[in-house]
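All values derive from a computational prediction rather than experimental measurement. Within every chain, numbering begins at 1; the chains are lettered A, B, ... in the order of the sequence lines, protein sequences first and strands thereafter.
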2 protein chains.
Amino acid sequence: MDACAHCAVRESAICHSLPEDRLEELSRYGRRQNVTRGQTLLWEGEDSLLVGNVIDGVLKLSASTWDGCDQTLGIAYPSDFIGRPFGTKSQQSVTALTDAMVCTFTRADFDAVAQRNPDLEHSLLQRTLSDLDHARRWMLLLGQKSAIERVASFLLEMASRLSEDGEDEAGRIVFELPFGRQEIAEVLGLTIETVSRQITRLRCDGLIETPGKRTIAILDREELETRAESA
Amino acid sequence: MDACAHCAVRESAICHSLPEDRLEELSRYGRRQNVTRGQTLLWEGEDSLLVGNVIDGVLKLSASTWDGCDQTLGIAYPSDFIGRPFGTKSQQSVTALTDAMVCTFTRADFDAVAQRNPDLEHSLLQRTLSDLDHARRWMLLLGQKSAIERVASFLLEMASRLSEDGEDEAGRIVFELPFGRQEIAEVLGLTIETVSRQITRLRCDGLIETPGKRTIAILDREELETRAESA
DNA sequence: GCGTGAACTTGATGTAGCTCATTGACCGGC
DNA sequence: GCCGGTCAATGAGCTACATCAAGTTCACGC
């Protein structure tokens, strides 16, 4: 497959570090795979047989407690890397939040190619370091922030991830969440009711609008940032 | 300095991946540094000028909210790597919990050596991947677990990290925490009072003993594991 | 001995967010 | 059209943890 050459994430996924010939090598092992919304690609605690790149769509990484509460541990967007290379069990499930397309490799294949391509490992290292930074910033949110701060932070992060163009004609930042309320709750370590109440509160205070169930329009970014930081 | 040859973490830090001659190259840039308890090596938000290996002692990674609440994001033990290589600000402070010894490099020096030594990068990648796994498991704790579950999980983790020998003659697992109560609270996202109460509760229930302020003896590991999972 | 200060414990009270229950909006099937 | 299902919003009450306020213990100096 020379699909790589025309891949939507050719320039942004870790593959970008490989020159043409090496890319060709990697591509022999890759497999493009459609995933439908709700489908789980990797299961928590099972051996991580697959790794890969997200090409399109949004997926979540999650883990759950003995009693079934789910916590979302990370969100994977196009060009993000998923799975756990180098011989370890996956500590989290990977589930599609939207219909998605991923480019997968068996872990064994990927490990072998990576060992032969330091540049690929370097890209992966860079990406893993940012993921770690990001996870730790999220720990601060989970450990210290109030419900309203969490929701405000979440909306701001989603805005920066999902609103391709800045603002619409009315100066609003509009975007479609790939999350239902329950899924937001799982990201923030809250309940669905609390999330709903905080969103209502932000709407009543005139900081946001919610034209559709999953559509958010940010009216006052500045104030929302203040709410994300202080009670 | 040929200190590397006799370094306490020669076999376990990321340096282990380097052969003698390459190690010699790296060691030219390294600087052994004593850190006293409470001293901060890297500051949140500042450019991470230093990176390095922990040789001895325990340090914490932490960040704080606008209003001064600290959250501990990770704990670094001997042979762990600290700092943020590859041109980014450090997102967290690194502070010594005990007197410690670290082997530091300027980030620029380290980056350059790493680029020339794929094996070193591979070790660092492996370590970063485990750190990420670990951080995400901690997110589950911060997002979902109750106070008693958090404290029990914490004690178990500390036991596995700090009790070199298994059990003493009485079948207890005894170890000295490098944390005061306030510091435990910062790890768990709780207040000092809540931590204290939960420890008292575990003591009253006969699962642990606290012979000294910072000394913990686990009497019933099994039951403690149960408490760490379920309410 | 006694005083001082830091670290920990304990108790009393408040409250943010959870739980449970209800209602309403939207949507697809028939 | 109506009906059933899903998802979000909202209300009432409860509970776990935070907050505030005393104690208590221990180490250290005099």
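What separates CG of Leu190(B) from C1' of dA16(D) is a distance of 11 Å, to the nearest Å. In this structure, Leu188(A) places its CG atom 18 Å from P of dA16(C), rounding to the nearest Å. We find that CG of Leu142(A) is positioned 15 Å from C1' of dG17(C), with the value rounded to whole Å. Between Arg201(B) atom CZ and dA16(D) atom P the separation is 9 Å, expressed in whole Å. If you take CD of Gln144(B) and P of dT19(C), they are 10 Å apart, rounded to a whole angstrom. Glu149(A) places its CD atom 12 Å from the P atom of dA16(C), with the value rounded to the nearest Å. In this structure, Asp67(A) atom CG and dC18(C) atom C1' are separated by 13 Å, rounded to whole Å.
Scored by the ring-ring contact (aromatic ring centres under 6.0 Å, His included) test, Phe81(A) finds Phe110(A) as partners (sequence neighbours excluded).
For residues 160-181 of chain B, the pairs satisfying ring pair (Phe, Tyr, Trp, His ring centres under 6.0 Å) are Phe154(B)-Phe179(B), with sequence neighbours left out.
Under a 4.0 Å N-O distance rule, the pair Glu223(A)/Arg227(A) qualifies as a salt bridge. Under the 4.0 Å criterion applied to side-chain N and carboxylate O atoms, Lys89(B) and Glu46(B) are not assigned as salt-bridge partners.
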Can you pull every protein N or O that's under 3.5 Å from an N or O on nucleotides 6-10 of chain D?
residue: dA8(D); atom: OP1; partner: Arg181(A); partner atom: N; Å: 3.0
residue: dA8(D); atom: OP2; partner: Arg181(A); partner atom: N; Å: 3.4
residue: dA9(D); atom: OP1; partner: Arg181(A); partner atom: NH2; Å: 3.4
residue: dA9(D); atom: OP2; partner: Arg181(A); partner atom: NE; Å: 2.9
residue: dA9(D); atom: OP2; partner: Ser196(A); partner atom: OG; Å: 2.8
residue: dA9(D); atom: O5'; partner: Ser196(A); partner atom: OG; Å: 3.4
residue: dT10(D); atom: OP2; partner: Thr200(A); partner atom: OG1; Å: 2.9

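No engagement by Gly212(B) is indicated, since no non-hydrogen atom pair under 4.0 Å with the nucleic acid exists.
The closest side-chain heavy-atom distance from Cys103(A) to Ile55(A) is below 4.5 Å.
Of the residues listed (Glu183(B), Glu44(B), Glu186(B)), the one engaging Lys60(B) in a salt bridge (charged side-chain N to carboxylate O under 4.0 Å, His left out) is Glu186(B), and it is the only one.
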